[in-house]
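Report on the following structure.
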Amino acid sequence: MPAVRVIPCLDVDAGRVVKGVNFQGLRDAGDPVELARRYGAEGADELTFLDVTASSADRSPTLDIVARCAEQVFIPLTVGGGVRSVADVDRLLRAGADKVGINTAALARPALLTEVSRRFGDQVIVLSADVRRVPAGAAPTASGFEVTTHGGRTGTGRDALEWIARAAELGAGEILLNSMDADGTKAGFDLELIRAARARVDIPLIASGGAGRIEHFAPAVHAGADAVLAASVFHYGDMTIAAVKDALRAEGIEVR
């Protein structure tokens, strides 16, 4: 298994980093450019920038902020939110992104993943899957998990595990697995979801949602994650990237 990556995530709305619980109740967490600079200096392996309202507002990510963040870091930068076309991917790569996260548009038109892969290579595509357990009263899915769109605001009724498996076949090079049930709760990663996803795909899997304590990270890796992503615990100083890496090493996990 390759060395595990530790990835801070910048959820950006109206030019500011925000964080909430279960994708709701967003509160300010700082300036994205300043945080990007800080995380680059603190030893992050990659940085993820998600424009959390771009899809619901029907707009593209803010290119100037992406460019300014890219200028501050010398590690891979993934940018997502509002990506709807090959042209959008091209613009983001030209602005400084190394990889591009795609969610809502791929669900609406899965062929987009193949088009981007053919143009830029599958290493550019990160399928961002916002996944939740099917709510009571909703039509069940085979796995009990459904994928959502528009920043977790809209349920699709589509089986999440079937979707990520198909996305991998279509050209996604990596899966950003966002647990909406765990998001912002600080109660730990959704290990059941990670294990279920790992059983369906063999491309790299990034676990996201639920990190709250230093001991939460190693179980996510043991469940099948190739990388662990967190936001508020880093933004608000609950723990450092170095401390997470030390904890992973203590569990016998190789880190970068």
Run the side-chain donor-acceptor check on residues 247-256: report pairs under 3.5 Å with partners two or more places apart or on a different chain.
from	atom 1	to	atom 2	distance (Å)
Arg249	NH1	Asp246	OD1	3.0

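In this structure, Arg158 has no salt bridge (charged side-chain N to carboxylate O under 4.0 Å, His left out) partners at least two apart in sequence or on a different chain. Contacts of Arg133 classified as side chain to side chain donor-acceptor pair (under 3.5 Å), with partners at least two apart in sequence or in another chain: Asp181, Asp190, Glu192. A search for side-chain contact (heavy atoms from CB on, under 4.5 Å) contacts involving Ala108 returns nothing, not counting sequence neighbours. Applying the side chain to side chain donor-acceptor pair (under 3.5 Å) rule to Arg5 yields the partners Glu46, Glu174; only residues at least two apart in sequence or on another chain are considered. Shown here are the side-chain contact (heavy atoms from CB on, under 4.5 Å) partners of Ala187, two or more places apart in sequence or in another chain: Thr185. Under the ring pair (Phe, Tyr, Trp, His ring centres under 6.0 Å) criterion, Phe234 pairs with no residue, sequence neighbours left out. Shown here are the side chain to side chain donor-acceptor pair (under 3.5 Å) partners of Lys245, two or more places apart in sequence or in another chain: Asp45. Residues that satisfy the side-chain contact (heavy atoms from CB on, under 4.5 Å) test with Ser143, not counting sequence neighbours, are Thr141, Phe145, Asp159, Leu161. Looking at residues two or more places apart in sequence or on another chain, you find a side-chain contact (heavy atoms from CB on, under 4.5 Å) between Ala223 and Leu191, Ile194, Arg195.
Listed here is the closest heavy atom pair of Ala207 and Ala225: CB-CB, 3.7 Å. Summarising the geometry of Val83 relative to Gly101, their closest heavy-atom pair is CG2-O, 3.7 Å, with the distance given to 0.1 Å.
Residue pairs meeting the ring pair (Phe, Tyr, Trp, His ring centres under 6.0 Å) criterion with at least one partner in residues 75-113, sequence neighbours excluded, are absent. Sorted by first and then second residue, the pairs that involve residues 67-76 and meet side chain to side chain donor-acceptor pair (under 3.5 Å), not counting sequence neighbours, are Arg37-Gln72.
The neighbour count for Arg94 CZ, taken as heavy atoms of other residues, nucleotides or ligands under 6.0 Å away, does not exceed 12.
In this structure, the side chain of Arg118 does not engage the main chain of Gly121 through any donor-acceptor pair within 3.5 Å.
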Give the intermediate values and the outcome of side chain to side chain contact (heavy atoms under 4.5 Å, CB included) for residues Asp183 and Asn178. CA-CA 8 Å; Asp183 176 72; Asn178 305 310; over 6 Å; no
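Each of Val73 and Val33 belongs to its own hydrophobic cluster when Ile, Leu, Val, Met, Phe, Trp and Tyr are linked at side-chain heavy-atom distances under 4.5 angstrom. Cluster annotation: Val134 is not connected to Val147 through the hydrophobic network of ILVMFWY side chains, with a link wherever side-chain heavy atoms come within less than 4.5 Å.
Within the model, atoms OH of Tyr39 and OG1 of Thr240 stand 10.5 Å from one another, a figure rounded to the nearest 0.5 Å.
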